[in-house]
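Notes to accompany the following structure.
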Amino acid sequence: MTKQPEDWLDDVPDSQNEEDEDDEIIWVSKSEIKRDAEELKRLGVELTELGKNALDKIPLDQDLRAAVELAQRIKKEGRRRQIQLIGKMLRQRDVDPIRQALDKLKNRHNQQVVVFHKLESLRDQLIAGGDEAVEEVLRLYPDADRQQLRSLVRNAKKEVAGNKPPKSSRLIFQYLRDLAENQD
């Protein structure tokens, strides 16, 4: 049986309706593109402000790493142009891992600052208070040496009374920091 001229149309899929559903066009405004580009340039600036050790912890490919290191060495107008290049390079890459690594670095720094403030406060309580502050430290850090802690506190109180440099105060802070790091 041969197909009639009208029958061949039955085999052709109605592609217009399928394409309209699958290929929905998403319009992005020029302003939004510019905002995204500026955000990536700011990310590039953050990368150039990192030190070598921090930069090692960021997942950068070889080209991007070289561009960032070059921007760190360049000054003035050349630096601005290099940062624009870094922004352009970032537009062609997945920046989520880079942002996550930067956030992790920032958060770690903020956590360290909070821990240091707590340790400073604890040190000040030790110097101002008496045995109850020592007991608090022993409760927080069971590995602490009571005798060494009392000796440091006694020396720190003598230094404060004698208007001397706070050597023992620094030693107390260092001892507390060591205890906190060993506990983790």
Side-chain angles (χ1 to χ4, degrees), residues 1-125 139-141 143 173-174 176-184:
M1 176 172 171
T2 62
K3 290 190 175 186
Q4 298 297 326
E6 302 86 36
D7 292 340
W8 70 273
L9 289 174
D10 294 336
D11 296 336
V12 176
D14 189 15
S15 61
Q16 252 186 344
N17 290 340
E18 289 176 16
E19 283 180 19
D20 289 342
E21 292 172 8
D22 293 342
D23 297 335
E24 230 179 87
I25 298 174
I26 300 173
W27 293 100
V28 179
S29 70
K30 197 172 184 181
S31 298
E32 188 174 350
I33 292 171
K34 287 181 180 180
R35 279 191 299 270
D36 291 344
E38 285 298 318
E39 173 62 32
L40 290 175
K41 276 201 290 189
R42 281 192 292 275
L43 182 63
V45 169
E46 282 185 60
L47 289 173
T48 59
E49 292 172 351
L50 294 175
K52 183 174 177 6
N53 291 337
L55 204 54
D56 289 339
K57 296 175 183 170
I58 307 293
L60 301 174
D61 58 64
Q62 192 174 10
D63 295 337
L64 188 56
R65 172 76 184 241
V68 169
E69 288 174 349
L70 181 61
Q72 289 174 335
R73 293 189 305 260
I74 297 176
K75 302 291 181 216
K76 300 192 181 184
E77 181 65 16
R79 180 180 172 89
R80 184 191 65 80
R81 292 174 57 197
Q82 186 67 17
I83 288 173
Q84 283 183 324
L85 175 67
I86 291 170
K88 183 178 179 181
M89 293 171 79
L90 286 171
R91 277 181 250 153
Q92 301 165 357
R93 289 166 174 78
D94 181 22
V95 294
D96 285 337
I98 296 171
R99 281 193 177 122
Q100 288 173 354
L102 272 173
D103 289 342
K104 189 175 180 181
L105 279 175
K106 289 178 189 174
N107 191 22
R108 180 175 294 143
H109 175 71
N110 292 342
Q111 287 175 346
Q112 285 177 341
V113 169
V114 168
V115 168
F116 278 9
H117 287 299
K118 286 181 181 178
L119 293 176
E120 286 174 343
S121 172
L122 192 56
R123 176 199 59 201
D124 295 341
Q125 287 175 7
R139 188 181 59 75
L140 289 173
Y141 306 109
D143 295 338
F173 179 78
Q174 188 175 5
L176 292 173
R177 189 179 67 201
D178 291 342
L179 288 172
E181 287 175 358
N182 290 337
Q183 190 177 22
D184 293 338

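Just so it is clear, the values below take in all heavy atoms, side chains as well, and ignore hydrogens, waters and symmetry mates.
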Shortest non-hydrogen contact between [X] and [Y], atoms and distance:
X	Y	answer
Phe116	Phe173	O-CE1, 3.7 Å
Gly44	Leu90	N-CD1, 4.0 Å
Arg91	Ala37	NE-CB, 4.0 Å
Ile98	Pro59	CG1-O, 3.6 Å
Ala101	Ile58	CB-CD1, 3.6 Å
Asp61	Leu64	OD1-N, 3.0 Å

Roughly how far, to the nearest 0.5 Å, is the [atom2] atom of [Y] from the [atom1] atom of [X]?
X	Y	atom1	atom2	answer
Gln92	Leu40	CD	CG	10.5 Å
Ile86	Leu70	CD1	CG	8.0 Å
Lys41	Arg80	NZ	CZ	7.5 Å
Leu176	Gln174	CG	CD	10.5 Å

Check your understanding: When you look at Arg35 and Glu38, which way does the salt bridge (Lys or Arg N to Asp or Glu O under 4.0 Å) test go after all the steps?
Key -> CA-CA 5 Å; Arg35 279 191 299 270; Glu38 285 298 318; over 6 Å; no
Practice item. Could you walk me through whether Lys118 and Leu122 pass side-chain contact (heavy atoms from CB on, under 4.5 Å), step by step? Key: CA-CA 6 Å; Lys118 286 181 181 178; Leu122 192 56; over 6 Å; no
Practice item. Run the salt-bridge test on Glu46 and Arg42 with the 4.0 Å N-O cut-off and return the result as yes or no. Key: no
Check your understanding: Are the charged groups of Asp94 and Arg99 less than 4.0 angstrom apart, N to O?
Key -> no
Practice item. Tell me, yes or no, whether the heavy-atom count around Arg93 atom CZ, taken from other residues, nucleotides or ligands under 6.0 Å, exceeds 12. Key: yes
Practice item. May I ask you to decide if Ala67's main-chain N or O and Gln82's side chain share a donor-acceptor pair within less than 3.5 Å? Key: yes
Check your understanding: Any donor-acceptor pair under 3.5 Å linking the side chain of Glu32 with the backbone of Trp27?
Key -> no
**Study point:** Pairwise side-chain contact, Asp103 with Gln100, heavy-atom cut-off 4.5 Å (strictly under)
**Key:** no
Point to revise | side-chain contact (heavy atoms from CB on, under 4.5 Å) assessment of Arg79 paired with Thr48 | key: CA-CA 10 Å; Arg79 180 180 172 89; Thr48 59; 3.2 Å; yes
Practice item. Evaluate side-chain contact (heavy atoms from CB on, under 4.5 Å) for Leu47 paired with Leu102, printing each intermediate quantity in order. Key: CA-CA 8 Å; Leu47 289 173; Leu102 272 173; 4.2 Å; yes
Exercise for review: Output, in order, the C-alpha distance, side-chain angles, deciding distance and verdict of side-chain contact (heavy atoms from CB on, under 4.5 Å) for Glu69 and Leu55.
Suggested key: CA-CA 9 Å; Glu69 288 174 349; Leu55 204 54; 4.3 Å; yes
